[in-house]
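Just below is one structure, and these are the notes that go with it.
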Amino acid sequence: MCGITGWVSYGRDLRNETGTLRAMTDTMSRRGPDDEGLWTAEHAALGHRRLAIIDIPGGHQPMTLTRPDGSEAVIVYSGETYNFRELRRSLPDTFTTNSDTEVVLHAHEEWGQGAVEHLNGMFAYALWDSRTQELLLVRDRLGVKPLYYLETEDGVLFGSEPKAILANPLASKNVGVDGLRRLLGFVADPSNAVFDGMKEVPPGHVVRVSAHGLREVRYWGLDDHEHTDDLDTTIATVRELLDDTASRQLIADVPLCTLLSGGLDSSALTALAAQQLAAADKGAVRSFAVDFVGYADNFVADGLRDAPDTQFVRDVADHVAADHRDIVLGNDDLLDPAHRAAVLAARDYPGLGDMDTSLYLLFRAVREQSTVALSGESADEVFGGYADFHDPKVVAADTFPWLAGGMAQGRDTMAAFAPDVRAQLDMDSYYEAQYRRALAEVPTRTGDVGLEARMRQISYLYLTRFLPLLLERKDRMSMAVGLEVRVPFCDHRLVQYVFGTPWAFKTFDGREKSLLRAATADLLPQSVVQRVKSPYPSTQDPHYAKTILQELGAVLDDSNAPVSALLDRTEVEKLLGAQDDVHARHAAERVVGINSWLADHTISL
């Protein structure tokens, strides 16, 4: 998995900047606890932190290929290329390791920038060519692995996380109006990475850096191909793709497990893994689930969650004979200042409160027994699992569906902020501009009108503007503890195939995720096959909410609190009086998080 960083400067000698490069690399020690590597030349400096997954003794980076003319190609790589063994067989036999990184390096030597089109995986990497004095920044098709960059006067800084770039004195920890919109909003935008001037390499893109500047080039995107398979063939093809994807992503030289919530997505994935491990005589699949003290006994349906996960998790674990463990968290775990500080440091800016903290703690516990975990993330976006896909009012709303649907009801991301701050940010206009920009990208198909055309738009919006938010969160929380989390439902072949299927196929049984349910029903207990979509759990313990609101009250009473200049006292007092409102709790978590974050960052409006 790993963490990468680097610096290209055409105006200075970076061989004199080893200290700065090391500082940038050290920010990602948790992403790569197993090894460190630095490489410098006159105009390029590359750093790497390694989490060893494939070819543990031979995968040291940065990795260099020296040509007969003495020039070098040097790569720092994060992620996994799942088809590296097939690619290796089609390349000249000059390998010195068994790592996928060396395969990617040789693929570029053989096929140039087009090499990325041959890769199946989740990856972000940088490749410097000393002969052309150019850098390539490359990101996988769905953006599973992160890659940030900041253009400088004479080159670029880049890193797997913003903190790597911010460790360079050329970068600023300031956040302006657009950055604060991105921080407070719920729309992914790779052109805006919160901090001044910082961007992401967009999913499915290559950024080419030369002495003449930077250029983004798209190598993959969802297309408008015609779907000609009938329903039975479509279901069978989905199953074939899932079988193949699971097989590829079960490859590791370290202990591997699945994350099991008891929903259709993670259950299907766990069952597929169990089946394939059993066929290969590799024993039972290991699985992990998060739970909260007293959660099942005191559960109250909240509109998004009809039932706790516990019984469904047990049904699946028993059905596939998994070696299962529940990670049970209490308020002391969720409220521990050290845990919350670790989450904030991992995120680089405030996130989703207890849902971030619980995910971090789940991953930390998993990491004690496994180095790789498979997750069901993205199945809802791919197969149409959210309630918003099936609510006519939301479908008809002329905005992002998650801003019009159940997840947004009662939620105001700007609650507690002063009128002048709200006016400057003007989130309605921001969302409108982002929405129009996204719609303009949607691939169109001749003859698509009405519901079919609209559902294509909604699928595209979820895959490109919502899913990246979840992938970013999962990456940060997992890599903060040195755990590699793979997402088989993000296999680009599966995503493209399902995106092209008619909406009627995706709902042929009158339910959400019809294709996934039909393709995997034979592997699962009926309780899970029939279960309605339920989001990632959030604690319902009233003591947690009370404590968070008390912390918000302390911020309000502290005139020197960093966030105080942004707040409206009257609105904050309303939040303090809404003890039983989950949205008030989330708003309080956001304000408290921003206050902590501002101890080391600035906001300029």
Side-chain angles (χ1 to χ4, degrees), residues 2 4-18 21 25 35-50 54-55 57-81 83-121 123-140 147 149 154-158 201 205-217 219:
C2 313
I4 67 172
T5 191
W7 183 4
V8 168
S9 171
Y10 295 102
R12 69 174 79 194
D13 189 339
L14 295 182
R15 290 170 294 189
N16 300 321
E17 301 289 349
T18 302
L21 177 63
T25 306
D35 193 15
E36 176 190 60
L38 306 176
W39 180 92
T40 59
E42 183 177 3
H43 296 308
L46 308 178
H48 188 265
R49 292 291 312 209
R50 186 182 184 213
I54 302 291
D55 189 13
H60 177 77
Q61 298 183 46
M63 192 172 286
T64 302
L65 184 155
T66 303
R67 306 184 182 100
D69 65 3
S71 64
E72 294 179 320
V74 189
I75 190 172
V76 282
Y77 177 94
S78 170
E80 302 290 347
T81 297
N83 64 334
F84 77 98
R85 290 174 176 166
E86 298 100 295
L87 291 177
R88 180 173 175 139
R89 290 192 290 270
S90 63
L91 293 167
D93 188 16
T94 56
F95 296 93
T96 61
T97 76
N98 293 313
S99 73
D100 57 341
T101 300
E102 188 179 14
V103 171
V104 174
L105 181 58
H106 281 266
H108 271 273
E109 192 67 10
E110 186 74 10
W111 299 313
Q113 185 174 309
V116 65
E117 298 176 25
H118 295 264
L119 308 184
N120 176 297
F123 49 79
Y125 60 91
L127 193 150
W128 171 257
D129 190 330
S130 70
R131 183 163 55 199
T132 62
Q133 294 288 290
E134 288 186 337
L135 178 79
L136 297 182
L137 298 174
V138 185
R139 194 172 182 200
D140 67 67
L147 186 54
Y149 72 95
D154 64 354
V156 69
L157 305 172
F158 68 88
V201 176
H205 280 67
V206 174
V207 174
R208 180 180 288 274
V209 183
S210 72
H212 303 293
L214 278 66
R215 184 165 62 96
E216 289 185 355
V217 179
Y219 69 87

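A distance of 7.0 Å separates OG1 of T18 from CG of L38, quoted to the nearest 0.5 Å. Rounded to the nearest 0.5 angstrom, R85 CZ and S90 OG are separated by 15.0 Å. Here the straight-line distance linking atom CH2 of W111 with atom CG of L91 works out to 4.0 Å at 0.5 Å rounding. Distance CD/E42 to CG/N16: 9.5 Å, rounded to 0.5 Å. Separating the CG atom in D100 from the CG atom in L87 is a distance of 10.0 Å, to the nearest 0.5 Å. With rounding to the nearest 0.5 Å, the separation of CG in D69 from CD in E72 is 10.0 Å.
The salt bridge (charged side-chain N to carboxylate O under 4.0 Å, His left out) analysis of residues 102-120, with sequence neighbours excluded, yields the pairs R67-E109.
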Apply side-chain contact (heavy atoms from CB on, under 4.5 Å) to residues L46 and I4 and explain how you reach the verdict.
CA-CA 8 Å; L46 308 178; I4 67 172; over 6 Å; no
Go through it in stages, so that I can follow the logic: the residues are T40 and E17, the test is side-chain contact (heavy atoms from CB on, under 4.5 Å), and I'd like the CA-CA distance, side-chain angles, deciding distance and then a yes or no.
CA-CA 8 Å; T40 59; E17 301 289 349; over 6 Å; no
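A donor-acceptor pair is defined here as one N or O able to donate and one able to accept, closer than 3.5 Å; such a pair exists between the side chain of Y10 and the backbone of Q133. R139 contributes a side-chain N or O that, together with a main-chain N or O of V201, makes up a donor-acceptor pair within less than 3.5 Å. With S9 contributing its side chain and H43 its backbone, the two residues share no donor-acceptor pair below 3.5 Å. Using a distance-only test at 3.5 Å, with no hydrogens or angles considered, a donor-acceptor pair links the side chain of N83 to the main chain of H118. Looking only at distances, a side-chain donor or acceptor of S78 sits under 3.5 Å from a matching main-chain atom of C2. Between the side chain of H48 and the main chain of E36, no donor-acceptor pair closer than 3.5 Å is present.
Among all heavy-atom pairs drawn from G59 and S99, the shortest one is CA-CB, 4.2 Å. Here the closest non-hydrogen pair linking E134 and W128 is O-CE3, 3.3 Å. Of all heavy-atom pairs spanning V8 and A44, the tightest one is CG2-CB, 4.3 Å. When all heavy atoms of A124 and L147 are compared, the pair lying nearest together is CB-CB, 3.9 Å. Closest heavy-atom contact between V76 and T5: CG2-O, 4.5 Å.
Put simply, the side chain of T81 does not reach to within 4.5 Å of the side chain of V103, judged on heavy atoms. Side chains of L21 and L14 form no contact here, defined as non-hydrogen atoms less than 4.5 Å apart. Within the 4.5 Å cutoff, the side chain of N98 has heavy atoms near those of the R88 side chain.
Ring orientation note: the planes of F123 and Y77 are close to parallel, at an angle under 30° on the 30°/60° scale. Ring-plane geometry between Y125 and H108 is classed as perpendicular, the angle between the planes exceeding 60 degrees on a 0 to 90 degree scale with a lower cut at 30.
The closest side-chain donor-acceptor pair between T101 and Q61 falls under 3.5 angstrom.
The environment of R12 atom CZ is dense: over 12 non-hydrogen atoms of other residues, nucleotides or ligands sit within 6.0 angstrom.
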Below 3.5 Å, can you tabulate the donor-acceptor pairs from side chains in residues 209-217 to any protein atom, sequence neighbours excluded?
unit_1 : atom_1 : unit_2 : atom_2 : d
S210   : OG     : H212   : N      : 3.1
E216   : OE2    : Y149   : OH     : 2.7

